[in-house]
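I have placed the structure first, in the form of structure tokens, so that the comments after it can refer back to it.
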Amino acid sequence: MKMKENCISKGLRLCALICLVCLNNVRGEELPRYLDSTVALEERVEDALHRLTLEEKVAMVHAQSKFSSPGSSRLGIPEFWMTDGPHGIRPEVMWDEWNQAEWTNDSCTAFPALTCLAATWNPEMSLLYGRSIGQEARYRNKTVLLGPGVNILRTPLNGRNFEYMGEDPYLASVMVVPYVKGVQENGVAACVKHFALNNHEVNRNTTNVIVDDRALYEIYLQAFKAAVKDGGAWSIMGSYNLYKNQQACHNKYLLNDILKGEWGFDGVVVSDWGGVTDTEEAAANGLDMEFGTWTDGLTSSAENAYDRYFLANPYLDGLRDGRYSVAGLDDKVRRILRLAFRTNMDRNRPFGSFATPDHFDAARKIAQEGIVLLKNDAGLLPIDMKDSVNILVVGENAIRSMTFGGGSSSLKVKKEVSPLEGIRNMFGSAANVRYARGYVGEQLSEYNGVSSSVDISESRSNEELSKEAVDMAKKSDYVIFVGGLNKTGGQDCEGVDRASLDLPYGQNELIEALAAANKNLIVVNISGTPVAMPWIKNVPAVLQGWHLGSESGSAIASVLSGQVNPSGKLPMTFPRKLEDVGAHKSGEYPGVARNDGSNIVDCRYNEGLFVGYRWADKEKVNPLFPFGHGLSYTTFKYGKPDTDTSKLKEDGMVTVTVPVTNTGLKGGAETVQLYVRDLKSTLPRPVKELKGFRKVYLEPNETANVTIEVPVEKLAYFDDTRHRWVAEKGDFELLIGSSSRDIRESVKFTLDRDFEME
């Protein structure tokens, strides 16, 4: 009922706004400046601000429903509507419930998870992603898309790794900027999340992160800074955890000092749902809009729900009696008005489009380019599409829906091509494609009111299913195992971390048995995070498939068949065991509970800067697959690099050009990666750090000169004693290669003076 009332009230407000404009014209009065799009943005903001009452201002800083907050009906300022992302537009829910509104026209395009986007190492794919999902958000008349996520992969157990962009701050920084710009081209604000240090899900509301400033600035804040400074993000979402014993959603150091102070962010800080715990801190420490899960913002339900939020009546009462600053409220409202004029009140805002063929095509392209060929012994892949070949597909993930489940990113989709369907579509006319379940995971048939399009019920035991699969494998030419994680609790899912690095449901044992039964075994791992592979020596070909969205099966089949030459590179290190990860070997995970009677858990990031490949390099650990790794169906040769240091003295710019040749028989793309090594530094630094990359497509025998610029900022470290970025004079080495462990060429140069930056 309230959903219907909301639609009616929207129409009435629009009519009121039209009447207001017409009435001014009839009277010959000048149009209010805030409604005049020719007036400068900040003048419009100030004009509207001074027309609002105290009560109207307070109403704008907190939710009025699960996913909306009010504008001002009196002034014709529309409501603000949020939608979960970052992989697709969430189905509509009821006004004050998580239950579905049961619309029939809100089935969206599921885009690949952001780990897949990061694995493309292609900013053009990120722009395509942002534009496409932004069009879908705009079509559904959303103001803010709650994404993308850029928290760093500190541990492979984090339940939300699949929503983020990997372990490296530079890669995430480069990839987040086009996404943000693409979304905002549509008059929809990107809301970059979760700011900051939300690196695991267990105890996420009560974990107090303890991390040194160097690691904070160099590792955990860099992608957020790029989204704000380079991407121009219009909104940021706070995170659930604490930092410096203060909730991140109203954290003075993170929000006031860094985000709004040092970076000059002029957008809106949105709380995570239920991330606010204190009115006084929320009033003073940088939060602009409070949203919640229940009616007090966190735990319970009551009448007049949203009036009980921390920034609702408790805030209004404090403003009236002088406890809280009206100037602080005005700063929040200015930001909200700025958001309105950039989105809902932009007269040139496009109309958007929804679940179109172009969007499914974009989802497929991104998925294809993000799939990583991890191993391909003896050229087993691509599969020869000859007549009468017998292909056996094994594994629950070959038929299971992967677009719903996993938490707030769960979707209701218009289309989802399963891996089995994609393989049959690709090979069906030339091959006999059979299927065996092999194992059974959790039977998730419904999630958040969305039902699975596939019946995955199963009465047989895993032993029976495994025996059937192995017997069938002995009579097949190829066996394609499609397994991994499945977006249920503990398997790539918000709110809970994985219990182990291992694959669940006896998959490791099943893969070993299939490898013994058939030497032509291909494993397709579906996950958003690294998994252990104790069977790796016995399996000749392995694909990392991620969560690939609506066109998952089509993308996987195109790579298996060779129709698409894989070009994805890992945005994260795949460790052999948890002890090879800094957070588990040196740091604390998931933290240590205090013995002071509170429910706070302290988590010390003792590994500091040494996250992912930085830790593996420091400790000389041999990973299962290194950061940046990814094979192709062709081969590439790197020539001798040429270094231009002519601009080094004036502006600290080094340019490196390296010739790359496709020496194989198929056209393909290679990502040239550039790492920097500081040969002598006052402070400890990683062995090497990614500071540049370029993806290039080459036909057989074609050579391209790949040029990468290295500005002085990429040579700098954060000096926490001076609170400044410093590039020290001295010798540096540029390492050029195909992965962090496959360095092909190197060059040295000297920086002859110090550089200091804010």
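Numbers for residues simply follow the sequence, beginning at 1.
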Checklist entry - Could you go step by step and tell me if Ser550 and Glu416 meet the side-chain hydrogen bond (donor to acceptor under 3.5 Å, both in side chains) rule? => result CA-CA 4 Å; Ser550 284; Glu416 182 176 5; over 6 Å; no
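- Residues Val174 and Pro123 form a side-chain contact, since some pair of their non-hydrogen atoms from C-beta on lies under 4.5 Å apart.
- Annotation: side chain of Phe80 is not in contact with side chain of Val144 (no heavy-atom distance under 4.5 Å).
- Of the residues Lys66, Lys142, Arg140, Arg90, the one that meets the salt bridge (Lys or Arg N to Asp or Glu O under 4.0 Å) test with Asp84 is Arg90.
- Applying the side chain to side chain donor-acceptor pair (under 3.5 Å) criterion to Asp321, with sequence neighbours excluded, gives Arg323.
- You'll find the side chain of Leu242 reaches within 4.5 Å of the side chain of Ile600, heavy atoms only.
- In this structure, the separation between SG on Cys249 and CG on Leu287 is 6.5 Å, given to the nearest 0.5 Å.
- No cation-pi contact links Lys260 to Phe265, judged by a cut-off of 6.0 Å to the six-membered ring centre and 45° from its axis.
- Using a 4.5 Å cut-off on side-chain heavy atoms (C-beta onward), Asn313 and Arg308 make no contact.
- A donor-acceptor pair is defined here as one N or O able to donate and one able to accept, closer than 3.5 Å; such a pair exists between the side chain of Ser173 and the backbone of Gln222.
- Side-chain contact between Lys487 and Asp492: present, with at least one pair of heavy atoms (C-beta onward) separated by less than 4.5 Å.
- Both cation-pi conditions hold for Arg44 and Phe341: the charged atom is under 6.0 angstrom from the six-membered ring centre and inside a 45 degree cone around its axis.
- The local environment of NZ in Lys57 is crowded, with over 12 non-hydrogen atoms from other residues, nucleotides or ligands closer than 6.0 Å.
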Checklist entry - Between Thr143 and Asn344, is a side-chain hydrogen bond (donor to acceptor under 3.5 Å, both in side chains) present by the stated rule, with each step listed? => result CA-CA 6 Å; Thr143 315; Asn344 296 340; 3.2 Å; yes
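- In terms of modelled atom types and a separation under 3.5 Å, the side chain of His547 and the main chain of Thr403 share no donor-acceptor contact.
- Aromatic ring orientation, Phe404 versus Tyr447: perpendicular (interplanar angle above 60°, classes split at 30° and 60°).
- If you check the side chains of Glu79 and Gln64, you find a donor sitting under 3.5 Å from an acceptor.
- Residues Asp331 and Arg335 are paired through a salt bridge, judged by an N-O separation under 4.0 Å between the basic side chain and the carboxylate.
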Item to check | Trace of the ring pair (Phe, Tyr, Trp, His ring centres under 6.0 Å) decision for Phe111 with Tyr129 | outcome: CA-CA 8 Å; Phe111 296 92; Tyr129 197 128; 5.4 Å; yes
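- A donor atom on one side chain and an acceptor atom on the other are not found under 3.5 Å apart for Tyr164 and Asn158.
- A cation-pi arrangement, defined by a distance under 6.0 Å to the six-membered ring centre and an angle within 45 degrees of its axis, is present between Lys415 and Phe360.
- No donor-acceptor distance shorter than 3.5 angstrom exists from the side chain of Thr207 to the backbone of Asn241, with no hydrogens or angles considered.
- Relative ring orientation between Trp273 and Phe67 is described as tilted, the plane-to-plane angle lying within the 30° to 60° band.
- For Asp330 and Arg334, the salt-bridge test fails: no basic side-chain N is under 4.0 Å from an acidic carboxylate O.
- Glu281 places no side-chain N or O within 3.5 Å of a backbone atom of Gln247 that could act as its donor or acceptor partner.
- A salt bridge between Glu551 and Lys365 is absent, with no side-chain N of the basic residue lying under 4.0 Å from a carboxylate O of the acidic one.
- Atom CD of Glu55 has more than 12 heavy atoms from other residues, nucleotides or ligands within 6.0 Å.
- Looking at residues two or more places apart in sequence or on another chain, you find no salt bridge (charged side-chain N to carboxylate O under 4.0 Å, His left out) involving Lys181.
- Under 4.0 Å is where a charged nitrogen must lie from a carboxylate oxygen, and between Asp257 and Lys252 at least one such pair does.
- The only option from Asn251, Asn256, Leu254, Leu255 that meets the side-chain contact (heavy atoms from CB on, under 4.5 Å) definition with Asn285 turns out to be Asn256.
- Contact check for Val269 versus His250: no side-chain heavy atoms found under the 4.5 Å cut-off.
- Counting non-hydrogen atoms of neighbouring residues, nucleotides and ligands closer than 6.0 angstrom, the CD atom of Glu280 reaches no more than 12 such neighbours.
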